[in-house]
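Below, read A as the first sequence line, B as the second, and so on, with proteins coming before strands; counting in each chain starts at 1. Predicted model, so just to flag it, every value in this text is computed and none were measured.
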Amino acid sequence: MSMIRVRFAPSPTGYLHVGGARTALFNWLFAQKNKGVFVLRIEDTDTLRNNEAMVRGILEGMEWLGLNYDEGPFFQSDNYEKHRAAALQLLEAGHAYRDFTPKAERDDGTIKQRVTEAAKLGKPVNSYRELSRAESDTRAAAGEPFVIRFAVPAEGKTNFEDEVFGAQERDFKDIEDLVLLRSDGHPLYNLSVVCDDIEMNITHVIRGQDHLSNTHKQILLYQALGQPVPKFAHLPLIMAPDKGKLSKRKHGEIVSVTTYRDAGFIPDAFLNFLALLGWAPASDEHGDREIFSRDELVEAFSLAGIHKANAVFNFTQGDARNWTDQKALWMNAEYIKTIPMETLLPMVKTELQHSSLWRDEYEGEQRAWFEHTLTLLRERARTLADFTNHGRPYFVDDISFAFDEAAVKKNLQKDPALQELLPQLAEAFATLDEFTHDGIEALLRKVAEEKSVKVGLLTNATRTALTGQAVGPGLFDVVAVMGKDRTVTRLKHAVQLV
RNA sequence: GGCGCGUUGGUGUAACUGGUUAACACGCCGCCCUCUCAAGGCGGAGAGCACGGGUUCGAGUCCCGUACGCGCUACCA
């Protein structure tokens, strides 16, 4: 059997849409699973919308997700001549005809209305379809502009078995005579995809469900061109919470994959989340598992597990903490807390470099300290950005981090006694020899007992003095990681806040 | 309007070829742990499977209809 070949064919919109990313993922998974070839092709036949910057966003998204392609990127526009030749071939063979209807007539707003009216009466018949070949040639030779339309046969049906949606059938009378070539000679989408998929030997077309009805037209083209028809698998669409289209215009950056990269997502986590939107592994094999590594995804993937109904990408616009789908956030947190340290470290490094918190010693003499700090912070991080947000107090020497107002009020201003206690605590720490988790705990408890205050008063105040926050890792770990010097100066400094 | 596709708790999904109180994850709520928590542990609420018919001893699972949603219906992709 010939090798399986699939492709991802986005149009260059300037960014990789989450829906597109999932389509790319499913193609990639299918190729990996079947030891096939994954091709990337940019569908740029609409020249008005195409330029290099528009392509870059797509490539960046693919790269970040690690969806490597075996061939490409190819540009559909590079194949114009071949597409045109195919249209001419169809014209020659009588499968297509020239339509001399002036463009202006089609462009005026009434066309849609006319189509609707014509539909009521049955299939609209294009008069140019019956034009004799001789006359058609003469008018073309005279320079009269025309489009080339495919002549859908009068009677019959197209059939195909969609790998996801099952048996599909459509009557020819419900398929319009689609335009193959514009009057300026420019090939159109349906012709171009078919030609390219033929040329690239694509065996399985895996794409969004919005192309399900187009498939019938394309099958007609394959047949007229005398080429074998590939297999098709259409994917349910990813919708906005209101079940409307998920669009950049309406929903903003949340639809773009690079947003997730910049917000501190781990690519595998995002992929994992995307995979489970509209797909589920065979339940007998994988039970109720949610977390799948890239390899496990490849292993478990099957077109049979693809759901038919559209999936909602659940998020609340304007909610800073839950700015995207909560399950995606949860999954990212799972990855952050469980992936191997050697995988996490470079990711955090990049994050800290961006926020100017990185020091090369973290990879050198302070490596052990750094890793230990990460093991504390990773437990509560939802995105890599949290290593900056929550981690800043741990990575700076001075007190250039923010003090959360509520935390100050709750932990530092709660008891005026802290005015005295904080400096005393600082002195005690300054002379502590065993500056370890246990040593610190023993000291804190001892001070609490001596001063007859609750341990909680001291630990909470210390937490906020050291990190500016009300929440975080166990306090004794925090103090140990901060080290003696920073602990002492920050405790003294915090007195001003009481 | 026409044609097509879809419809399981708030969200994502599961439920072998119809068979006990519809399962899991996220989220939500509560309790516990504890020095705090956005972490961890435990528990709970939440759908009777869009609606209406039908077939059957028995239907989320099959059939028909209705509603709703989505897609296509461009000299866009």
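Of the side-chain N and O atoms in R445(A), one or more sit less than 4.0 angstrom from OP1 or OP2 of rC35(B). The side chain of R463(A) contributes no N or O atom lying less than 4.0 Å from OP1 or OP2 of rC37(B). At the phosphate of rG40(B), OP1 or OP2 sits under 4.0 Å from a side-chain N or O atom of K337(A). An OP1 or OP2 oxygen of rA14(B) is reached within less than 4.0 angstrom by a side-chain nitrogen or oxygen of H307(A).
K454(A) comes within contact range of no nucleotide atom at all, as no heavy-atom separation falls under 4.0 Å. L277(A) comes within contact range of the sugar-phosphate backbone alone, with a heavy-atom separation under 4.0 Å but no base atom that close.
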Practice item. Determine, for nucleotides 41-48 of chain B in 5'-to-3' order, which nucleotides have protein heavy atoms under 4.0 Å from the base (write B), from only the sugar-phosphate (write S), or from neither (write -). Key: --------
Review point. For every nucleotide of nucleotides 64-72 of chain B, 5' to 3': is a protein heavy atom under 4.0 Å from its base (B), only from its sugar-phosphate (S), or from neither (-)?
Key: ------SBS
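Contact check of residues 321-331 of chain A against RNA chain B (heavy atom, cut-off under 4.0 Å) returns R321(A), Q326(A), K327(A), W330(A). Residues from residues 464-474 of chain A lying near RNA chain B, meaning a heavy-atom separation below 4.0 Å, are A470(A), V471(A), G472(A), P473(A), G474(A) in numerical order.
Both tests pass for R22(A) against the ring of F26(A): distance under 6.0 Å to the centre and angle within 45° of the axis. A cation-pi contact, defined as under 6.0 Å to the ring centre and within 45° of the axis, is absent between R294(A) and F292(A).
In this view, F100(A) and Y128(A), F146(A) satisfy the ring pair (Phe, Tyr, Trp, His ring centres under 6.0 Å) rule, not counting sequence neighbours. Evaluation of the ring pair (Phe, Tyr, Trp, His ring centres under 6.0 Å) rule for F401(A) yields F403(A) as partners, not counting sequence neighbours. For D386(A), there are no salt bridge (Lys or Arg N to Asp or Glu O under 4.0 Å) partners two or more places apart in sequence or in a different chain. Residues passing the salt bridge (Lys or Arg N to Asp or Glu O under 4.0 Å) test with E163(A), sequence neighbours excluded: none. Here E379(A) pairs with nothing under the salt bridge (Lys or Arg N to Asp or Glu O under 4.0 Å) rule; sequence neighbours left out. Scored by the salt bridge (Lys or Arg N to Asp or Glu O under 4.0 Å) test, D319(A) finds no partners at all (sequence neighbours excluded).
rG48(B) and rC26(B): their C1' atoms are spaced 22 Å apart (whole Å). Only the C1' atoms considered, rG18(B) is 10 Å distant from rG60(B), to the nearest whole Å. Atom name P, nucleotides rC49(B) and rU8(B): the rounded distance is 12 Å, in whole Å. Taking the P atom of each, rU34(B) and rC29(B) are spaced 23 Å apart, rounded to whole Å.
Aromatic ring centres of W279(A) and F301(A) lie closer together than 6.0 Å. Taking the six-membered ring for Trp, H251(A) and F315(A) have ring centres closer than 6.0 Å. Checked against the 6.0 Å centroid threshold, H437(A) and F476(A) count as a close aromatic pair.
Taken together, the paired segments of RNA chain B that extend over three or more consecutive Watson-Crick or G-U pairs, each closer than 3.5 Å at both contacts, are B:1-7 with B:67-73, B:10-13 with B:23-26, B:28-32 with B:40-44, B:50-54 with B:62-66.
Listed by first and then second residue, the salt bridge (charged side-chain N to carboxylate O under 4.0 Å, His left out) pairs involving residues 461-484 of chain A amount to none (not counting sequence neighbours).
Summarising the local packing, NZ of K245(A) is surrounded by 12 or fewer heavy atoms from other residues, nucleotides or ligands at distances under 6.0 Å.
Taking the side chain of N460(A) as heavy atoms from C-beta on, and the options rC76(B), rU7(B), rU36(B), the nearest nucleotide is rU36(B).
Looking at D196(A), its side chain never comes within 3.5 Å of a backbone N or O of N79(A) through a donor-acceptor pair.
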